[in-house]
Amino acid sequence: MMKSVTSAVVDDDDPQAYEDQHVHGVYDHIASHFSSTRYKPWPIIAAFLNSLPTGWIGLDSGTGNGKYLPLPVERPGCVLTIGMDRSWNLLQIAKHAGSGPGFSITREVVRGDVLGNGWRDGAFDYAISIATIHHLASHQRRKLAVQRLLQSVSPAHGRVLIYVWAVEQDDLSKRSVPVSEGGDGSSGRDVFVPWVMPQQTIASNKTCRPATEPTSAQDDALPAGVSIHHRYYHMFARGELTKLVREAAEGMGLIVGPLTADVTDKLGCDIVRDGWERSNYYIELRRW
């Protein structure tokens, strides 16, 4: 059944408070149920992590339940990925990502904000941001998040991979995106995406409920013992992520493009590849 995705009106006066209510509060509440549905790595991300040189240290910015922290499975322990997230409850899960019956693994995780500047510049060899930036409620905040990623990796060899949800959903998607009203469609859409949670899951979750959420007639028709929680997303239009990255890099004074003989005394960022995969847009970058 398609999930009813509804249009959202962002509070431009206080996007942080808006995210606190419609992103952070929701994820803290649904953490355990959300994590149980997020366990299979996406192929391009797994391949990216498997391509990294042995000994590299990286950042998973917005790690969620930490499903990418154990990768690459083909070369366990060859790289170290530190997970960062705003959700305390998801971090408790990420801390032991990859553990199983009879054995427990402790991962390196830290509570932080993707807009924060908690690292020295160039601290990491690589950084990934998977399904995170689309939760930021303004263009400027999304731009800053990209800049924080670029700042966090080595200016000589740092690699970055970013994934965001796309307006263009494939046939296997559970989401039906509302048609845009007005505009040229180049700036994406602000929406609420519902998360449906059984009552027994709610009872086992000891966190507080998020603040008041938007409702719809469909919510009123939910079966007894089921609750719905609406998460804010900015669903990206075609070309929007690449444009955002260019703007963010140029705002840092970086040259966007491959390293050439005439710019050896400059700092830059090359777009290795970008594209669409299973209802997401992605972009891979390399610092030079």
Side-chain angles (χ1 to χ4, degrees), residues 1-5 18-42 45-46 49 59-71 73 81-114 128-136 163-165 172-175 191-216 218-219 222-233 278-280:
M1 183 180 70
M2 284 284 188
K3 293 182 179 178
S4 178
V5 176
Y18 189 85
E19 293 162 17
D20 289 344
Q21 176 178 347
H22 297 298
V23 179
H24 307 306
V26 176
Y27 276 104
D28 263 337
H29 188 66
I30 69 173
S32 60
H33 187 231
F34 173 83
S35 178
S36 69
T37 69
R38 298 296 191 272
Y39 52 86
K40 186 176 181 180
W42 296 343
I45 303 166
L49 293 170
L59 171 68
D60 183 356
S61 181
T63 192
N65 70 346
K67 73 176 180 180
Y68 292 106
L69 300 184
L71 269 61
V73 295
T81 306
I82 297 171
M84 181 186 72
D85 206 277
R86 172 77 176 266
S87 169
W88 179 257
N89 292 338
L90 282 173
L91 278 180
Q92 302 314 299
I93 300 169
K95 186 177 181 179
H96 300 291
S99 299
F103 70 95
S104 178
I105 300 172
T106 300
R107 305 290 176 187
E108 297 291 340
V109 297
V110 61
R111 189 167 189 256
D113 193 302
V114 299
I128 61 174
S129 172
I130 312 302
T132 297
I133 290 176
H134 56 213
H135 285 307
L136 297 171
Y163 262 69
V164 294
W165 278 14
L172 298 178
S173 174
K174 299 177 181 179
R175 298 173 290 273
V191 299
F192 287 121
V193 178
W195 185 268
V196 179
M197 193 160 67
Q199 192 64 38
Q200 59 266 30
T201 307
I202 302 169
S204 66
N205 197 319
K206 300 184 183 302
T207 61
C208 296
R209 288 182 177 273
T212 305
E213 301 171 355
T215 60
S216 67
Q218 187 183 52
D219 297 354
L222 286 172
V226 172
S227 69
I228 191 164
H229 306 272
H230 295 273
R231 300 164 292 160
Y232 166 77
Y233 284 79
R278 288 293 310 277
S279 305
N280 296 270

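You'll find the side chain of L69 reaches within 4.5 Å of the side chain of V109, heavy atoms only. When side chains are defined from C-beta on, Y18 does not count as touching V23, because their heavy atoms never get closer than 4.5 Å. Side-chain contact between M84 and R111 is absent, with no heavy atoms from C-beta onward closer than 4.5 Å.
Distance check: W88 CH2 to I93 CD1 gives 12.5 Å after rounding to the nearest 0.5 Å. In this structure, CG on N89 lies 8.0 Å from OG on S32, to the nearest 0.5 angstrom. Atom OG of S227 and atom CD1 of I30 lie 9.5 Å apart (nearest 0.5 Å). For the atom pair NE2 of H134 and CG of N280, the computed distance is 8.0 Å after rounding to the nearest 0.5 Å. Between D60 atom CG and K67 atom NZ the span is 10.5 Å, to the nearest 0.5 Å. Here T81 contributes atom OG1 and L59 contributes atom CG; the two are 9.0 Å apart, rounded to the nearest 0.5 Å.
Using a cut-off of 4.0 Å between Lys/Arg side-chain N and Asp/Glu carboxylate O, R86 and D20 are scored as salt-bridged.
Closest approach of G64 to D85, counting heavy atoms only: N-OD2, 2.8 Å. The minimum heavy-atom distance between P41 and A46, with the atom names listed, is CB-CB, 4.5 Å. The two residues A94 and T63 make their nearest non-hydrogen contact at CB-CG2, 4.2 Å. The two residues I228 and P194 make their nearest non-hydrogen contact at CD1-CB, 3.3 Å. For the pair I128 and Y68, the tightest heavy-atom approach, listed with the atom from each and the gap, is CD1-CB, 4.1 Å. G98 approaches I105 most closely through the heavy-atom pair O-CD1, 3.6 Å.
Not one N or O on the side chain of H96 forms a donor-acceptor pair closer than 3.5 Å with the backbone of S104. Without hydrogens or angle criteria, S36 side chain to H33 main chain gives a donor-acceptor distance under 3.5 Å.
Between W42 and Y163, the ring-plane angle classifies as tilted under the 30° and 60° cut-offs.
With sequence neighbours left out, the side-chain contact (heavy atoms from CB on, under 4.5 Å) criterion links T132 to V114, S129. Among residues two or more places apart in sequence or in another chain, the side chain to side chain donor-acceptor pair (under 3.5 Å) test is passed with Y27 by H135, R231, Y233.
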Would you please test V191 and Y232 for side chain to side chain contact (heavy atoms under 4.5 Å, CB included) and show each step? CA-CA 6 Å; V191 299; Y232 166 77; over 6 Å; no
Could you give me the CA-CA distance, side-chain angles and deciding distance for S87 and D28, then say whether side-chain hydrogen bond (donor to acceptor under 3.5 Å, both in side chains) is met? CA-CA 6 Å; S87 169; D28 263 337; 2.6 Å; yes
Chi angles and distances behind the side chain to side chain contact (heavy atoms under 4.5 Å, CB included) call for T106, K95: CA-CA 6 Å; T106 300; K95 186 177 181 179; 4.0 Å; yes
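Residues H22 and H230 place their aromatic rings such that the two centres sit no closer than 6.0 Å. The ring of W195 has its center no closer than 6.0 angstrom to the ring center of H229.
In the displayed structure, Q92 atom CD is contacted under 6.0 Å by more than 12 heavy atoms of other residues, nucleotides or ligands.
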